[in-house]
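Data block below; observations after.
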Protein chains: 2
Amino acid sequence: MPIDVDETQRRKEIAQATLAVAARDGARAITIRAVAKELGGSTAMVTNYVPTRMALISNAVRAAESRWRTELEDRVAGLSGKERLRSTVEWYLSSEPEDLLLRALWVEMLSTAHTDPAGVDRREAHESRQEFQDAAAAAGVPDAELAADVLSLLTHGYFVATVEEPGYWTPERAGRVARAVVDALAGDAPAPGRSQPTGKPA
Amino acid sequence: MPIDVDETQRRKEIAQATLAVAARDGARAITIRAVAKELGGSTAMVTNYVPTRMALISNAVRAAESRWRTELEDRVAGLSGKERLRSTVEWYLSSEPEDLLLRALWVEMLSTAHTDPAGVDRREAHESRQEFQDAAAAAGVPDAELAADVLSLLTHGYFVATVEEPGYWTPERAGRVARAVVDALAGDAPAPGRSQPTGKPA
């Protein structure tokens, strides 16, 4: 059943208002009341669509993920094999200014996981792992599930590291890691004797 | 100048009380008042040693780190080369029950990074990166700094992934990742023709 267009539009506006509150006052300041004020309406205007504070945060994160999927699809369109894997990993290990804000929201969501495990949205973790597995398999990586686990930890680590030490994780540093890991994963795939320029075992 | 013994002891007690509050009510519930109550004393008894909520959290994390360093040193004592690197990475990609609580505190600390960057304690990130670099160099990894960056993201990712999806990241799964990454980093180090059983290039 298709979702009501008005609801889709309203959830999108709520996501934008949530990001605006976080950008101005920090992710901790996100509340139903603050988002309602940002929208210039009543709290019911928010809670009719997004009922809790945690749902506000995951609504904003989901809206961004939907834009990210489109961006990633555009980026890897026409690429295959190792180039697709490389491009996927490089894209994950990069940061637009808005990404940093979204990662702050993600960390805020995780900071409640210990006491409210059900409030954590794990769909992005699943979906990105599936993307890694598909890209690794397409690149001929022998154990694509293991590769997806490695890449999942690596990208999660990058997201949280850019929150912890934004100055250290320059684009150059992250790009170097992305290239090295893709080479290690996919470099061995065609033949084990990779020291041979022909790619054939001796 | 040596730190006053009473202060060291008091900070340790405050760390224990902070963990007790977090274990019972979640990391979000950590406050000067809650920790003072846990200790059965006044808030001044806490603030004389640890002045802010963020300092409470980093005090508890630091106390645990000091225990971790001892544990890791015991574990790698007598090991060298690749075995030391493997043991280090396997130790980082494992979880004791208390670790999960500490990671929740760490995520709580990071959730304030966006609005209070100075409140984030980054010493553990620096120290673990240095450990990785030393272990990688000792294992003969050609670019030990790059290896340390890879391992830093991987272990940060593991810490946050065990908060996000504790059920998915079983010891077996994490151990598989640790072995694969160490093999990829150190396996090539002695000689490029690693498909040869003799380890010598053809």
Side-chain angles (χ1 to χ4, degrees), chain A residues 22-23 25-29 93 100-101 103-117 120 122 125-126 129 143 146-147 149-161 163-166 168-169 173-174 176-177 180-181 184-185 187-188 191-196 201-202, chain B residues 22-23 25-29 93 100-101 103-117 120 122 125-126 129 143 146-147 149-161 163-166 168-169 173-174 176-177 180-181 184-185 187-188 191-196 201-202:
Chain A
D25 302 322
R28 189 61 53 93
L93 295 194
L100 296 174
L101 183 60
R103 287 174 202 153
L105 261 67
W106 172 67
V107 169
E108 175 69 18
M109 182 169 71
L110 292 182
S111 74
T112 67
H114 187 67
T115 41
D116 178 22
V120 175
R122 295 174 179 84
H126 288 278
R129 203 152 49 223
D143 189 340
L146 175 59
D149 280 348
V150 170
L151 293 174
S152 185
L153 291 189
L154 199 78
T155 51
H156 271 66
Y158 175 71
F159 296 163
V160 77
V163 171
E164 190 179 31
E165 299 183 289
Y168 183 82
W169 291 101
R173 191 172 286 278
R176 229 159 63 98
V177 168
V181 170
L185 287 172
D188 286 308
R194 73 192 214 198
S195 66
Q196 308 302 318
Chain B
D25 303 322
R28 190 58 54 94
L93 296 193
L100 297 173
L101 183 59
R103 287 174 201 153
L105 261 67
W106 172 68
V107 169
E108 176 68 20
M109 182 170 73
L110 292 182
S111 74
T112 67
H114 187 67
T115 41
D116 178 22
V120 175
R122 296 175 179 84
H126 288 279
R129 203 151 49 222
D143 189 340
L146 175 59
D149 281 348
V150 170
L151 293 174
S152 185
L153 291 189
L154 199 78
T155 51
H156 271 65
Y158 176 71
F159 296 163
V160 77
V163 171
E164 189 179 32
E165 299 183 289
Y168 182 82
W169 292 101
R173 191 173 286 278
R176 230 159 62 97
V177 168
V181 170
L185 287 173
D188 286 308
R194 71 193 217 199
S195 65
Q196 309 301 317

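Letters go in sequence order (proteins before strands), and every chain restarts at 1.
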Results of side chain to side chain contact (heavy atoms under 4.5 Å, CB included) for B:A104 - residues two or more places apart only: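 With neighbours one apart ignored, the set is A:H114.
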
Option that, when pairs with chain B are counted at under 4.5 Å, heavy atom only, ranks first among A:A22, A:A180, A:G157: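 Heavy-atom pair counts peak at A:G157.
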
Choice from A:A125, A:A161, A:A27 maximising heavy atom contacts with chain B below 4.5 Å: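 The candidate making the most pairs under 4.5 Å is A:A125.
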
Contact leader toward chain A among B:L146, B:V181, B:V150, where contacts are heavy-atom pairs under 4.5 Å: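 Max contact count across the listed options: B:L146.
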
Interface residue of largest heavy-atom contact number with chain A, from B:L151, B:L105, B:D143, under 4.5 Å: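 So the answer, after comparing B:L151, B:L105, B:D143, is B:D143.
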
Non-neighbouring partners of A:E164 that pass side-chain hydrogen bond (donor to acceptor under 3.5 Å, both in side chains), sequence neighbours left out: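 If we apply the side-chain hydrogen bond (donor to acceptor under 3.5 Å, both in side chains) test to A:E164, skipping adjacent residues, the hits are B:W106, B:H156.
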
Point-to-point distance, once rounded to the nearest 0.5 Å, from CD of B:E165 to OG of A:S152: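 Separation between the atoms: 6.5 Å.
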
Contact origin within A:R28 toward chain B - heavy atom pairs under 4.5 Å: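 Only the side chain of A:R28 comes within 4.5 Å of chain B.
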
Part of A:T155 within contact of chain B (heavy atom distance under 4.5 Å):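 Neither part.
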
Candidates A:V163, A:V107, A:L110 - the one meeting side-chain contact (heavy atoms from CB on, under 4.5 Å) with B:S111: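 Of the listed residues A:V163, A:V107, A:L110, the side-chain contact (heavy atoms from CB on, under 4.5 Å) partner of B:S111 is A:V107.
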
Which atom of B:D149 lies closest to which atom of A:Y168, heavy atoms considered: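 Closest heavy-atom pair between B:D149 and A:Y168: OD1-OH, 2.7 Å.
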
